[in-house]
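Sequential numbering from 1 along the given sequence is applied to the chain's residues.
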Amino acid sequence: MFVRIGNTPRDYAWGDRTALAELLGRAPSGAPEAELWLGAHEGSPSQVLDPAVGGGCRTLDEFIAADPMLALGRMRVIEAEAAGRAPRLPFLLKVLAAAAPLSLQAHPSSAQARAGFARENAQGIPLDDPRRNYQDDQPKPEIIVALEDGFEALCGFRSAAAAAADFDLLGVPELAARLRAHPSDEAALRAVTRWLLEPDGDAVAAVVAAVVAGANRVADSAADAPRFAAVRFIAAQRPSDPGIAVALLLNHVALRRGEALYLPAGNIHAYLSGVGVELMTASDNVLRGGLTPKHVDVPELLEVLDFAPLPVPFLAAVPVAPGVESYRPGGPDFALAHVVVPADSAAGPLPLPSAAIAIAVAGPVHLAGAGGGSLELARGEAVFITPDELALTFTGAGEVFVATANPSVATTPKSPQEDS
């Protein structure tokens, strides 16, 4: 079954005012448009656009609850019952358009999410309280695929030595010395991150100002680098925020169109600008440390962070069928297929290991399921597809992203002791 869905973009302050509307082929709202959520998460469930097809349901979560066997498939329902949970769509698809930096953030592991959610429930913190860190008991690993050249992000720690060299170049010897005062990268990065984000009054303010001054000084010189331009961009948006200095502890990347990142639990990151398709576990657990007016909880963020230096976490796409490639992280239960349909040709078939959500970013594209369902997606239109369609083929001329469960991951649920 094909069920047309849609949603109203979230109007977070960092959102672009035109990019999302242009991508989806409609008029801008006039407000920032940051994220379009496509899924059944209670924070912003998608609307069912044709209740006659959706059994009279108004939202996708209602449609799934009304007939989980149809919407999710027998195995998903059995797994949920075995785990003592209500059946749910395990992933959340988003289209993101950033004109300003998102918060400096990380997401918890399964064990950390369960513990944090239970702890805040026991403390009696309401789910809508802005002090709340854990909105649910799920982890939130995610992938982001750039829809245009130049999608910029910070992602994961780099070596303490590389960061110290930059602080020397910018004329901030205190931060360079702090990084070199520890016997390991992880110890140095943990100590300096803690010192910056749990600020010591005027001392941190002075070094942040020195970082900005140094980045401005090297502009247009041979010593300039994209990461220093990113520091200037962040400082223009969030003046005096300690996250400006933290940015130079992290990998900076500008993605080309079609390039992707995978951000697992504990990876500190911040998207800076650009338009992309994002896929994650159906969770809204975000631990923030800066670059935001939202709730910041530095001690909790430090508890979940992985301070080991890592290279930029690129995720390569795997070809799966003519015109179809798939971004498949190794652990999480989601995968994102990218389908390009040449004019007057076809792409696929794309097997469906689960229920799916598809959105066209160029079109029109005609989708046909092996179970007999079909429909046409114009640019900006989205659809929920039940797993009894088995596989999809695509004709027309356009580009579609399809979110599913990860076919390379076993569907047997893990015990709490098996993940962290």
Side-chain angles (χ1 to χ4, degrees), residues 7-24 26-39 41 43-44 92-107 128 130-133 135 140 142-156 197 208 212 215 226-227 229-248 250-255 260-261 263 267-280 283-298 301 361:
N7 215 334
T8 301
R10 310 300 289 260
D11 61 352
Y12 304 140
W14 50 262
D16 194 289
R17 290 180 179 271
T18 60
L20 198 56
E22 290 171 359
L23 174 72
L24 301 179
R26 56 169 179 73
S29 68
E33 295 182 328
E35 294 179 341
L36 177 71
W37 288 28
L38 297 171
H41 191 278
S44 183
L92 175 61
L93 180 66
K94 298 180 182 180
V95 185
L96 176 149
L102 280 67
S103 58
L104 195 64
Q105 61 184 259
H107 308 300
D128 60 355
R131 298 172 300 158
R132 184 101 191 189
N133 289 315
Q135 303 298 317
K140 191 176 175 284
E142 62 191 45
I143 59 177
I144 183 80
V145 181
L147 287 179
E148 58 183 24
D149 289 346
F151 184 100
E152 287 195 66
L154 305 171
C155 46
L197 294 183
V208 171
V212 175
R227 60 185 175 274
V231 165
R232 294 191 292 273
F233 176 69
I234 295 167
Q237 304 291 328
R238 304 293 304 176
S240 305
D241 193 297
I244 296 167
V246 176
L248 287 177
L250 310 181
N251 294 300
H252 170 265
V253 62
L255 298 177
L261 301 174
L263 302 165
N267 183 294
I268 187 169
H269 60 280
Y271 302 144
L272 302 181
S273 63
V275 181
V277 173
E278 192 178 19
L279 182 62
M280 64 201 66
S283 172
D284 198 25
N285 286 329
V286 182
L287 301 166
R288 302 177 182 90
L291 305 182
T292 180
K294 294 182 178 180
H295 174 59
V296 168
D297 189 334
V298 172
L301 174 67
V361 296

Asn7 side-chain N/O to Leu36 backbone N/O, donor-acceptor pair under 3.5 Å:
no
Nearest-0.5 Å distance that lies between atom CG in Leu197 and atom CD1 in Ile268
6.5 Å
If the condition is side chain to side chain contact (heavy atoms under 4.5 Å, CB included), which residues does Ala254 pass it with, not counting sequence neighbours?
Glu152
Taking atom CG of Leu154 and atom CD1 of Ile234, what is their separation to the nearest 0.5 Å?
5.0 Å
ring-ring contact (aromatic ring centres under 6.0 Å, His included) against Tyr12, all qualifying residues, sequence neighbours excluded
Trp14
Gap separating the CG atom of Leu301 from the OG atom of Ser103, nearest 0.5 angstrom:
9.5 Å
For His269, enumerate each residue passing the ring-ring contact (aromatic ring centres under 6.0 Å, His included) test, keeping only those at least two apart in sequence or located in another chain.
His107, Tyr271
Restricting to non-hydrogen atoms, name the atom on Ala235 and the atom on Val212 that form the minimum distance, rounded to 0.1 Å.
CB-CG2, 3.8 Å
Residues two or more places apart in sequence or in another chain: which of them pass salt bridge (charged side-chain N to carboxylate O under 4.0 Å, His left out) with Glu35?
Lys94
Closest non-hydrogen atoms of Pro9 and Leu20, given as atom of the first, atom of the second and distance, are CB-CD2, 3.8 Å
Pairing residues for Arg227 by the salt bridge (charged side-chain N to carboxylate O under 4.0 Å, His left out) criterion, not counting sequence neighbours:
Asp166
Considering non-hydrogen atoms only, spot the tightest contact between Pro32 and Gly15 and give its length.
CB-O, 3.6 Å
Look up atom CG in Leu96 and atom CG in Leu147, then write down how far apart they are to the nearest 0.5 Å.
9.5 Å
Atom CG of Leu104 and atom CZ of Arg288: how far apart are they, to the nearest 0.5 Å?
11.5 Å
Could you measure the distance from the NE2 atom of His295 to the CZ atom of Arg131? Nearest 0.5 Å is fine.
8.5 Å
Side chain to side chain contact (heavy atoms under 4.5 Å, CB included) against Pro239, all qualifying residues, sequence neighbours excluded
none
Could you work out, with side chain to side chain contact (heavy atoms under 4.5 Å, CB included) as the rule, every residue matching Arg238, not counting sequence neighbours?
Asp241, Leu291, Pro293
Once salt bridge (charged side-chain N to carboxylate O under 4.0 Å, His left out) is applied, what residue pairs with a partner in residues 10-24 remain, sequence neighbours excluded?
none
Quick check: closest heavy atoms across Ala19 and Val275, and the distance to 0.1 Å?
CB-CG2, 3.7 Å
All side chain to side chain donor-acceptor pair (under 3.5 Å) counterparts of Gln237, not counting sequence neighbours
none
Check Phe151 against Ala146 and note the closest heavy-atom contact, atom names and distance.
CB-CB, 3.7 Å
Validation row: Leu287, Asp297 side chains within 4.5 angstrom (heavy atoms):
no
Do Val361 and Val95 have side chains that get closer than 4.5 Å, going by heavy atoms?
no
Tell me every residue that passes side chain to side chain donor-acceptor pair (under 3.5 Å) with Thr292, counting only those two or more places apart in sequence or in another chain.
none
For the residue pair Glu148 and Gly274, what are the closest heavy atoms and their distance?
OE2-CA, 3.5 Å
The criterion is side chain to side chain donor-acceptor pair (under 3.5 Å); which residues satisfy it with Asn285, sequence neighbours excluded?
Asp136, Ser283
Does Ser29 have any side chain to side chain contact (heavy atoms under 4.5 Å, CB included) partners at least two apart in sequence or in another chain, and if so, which?
Ala31, Glu33
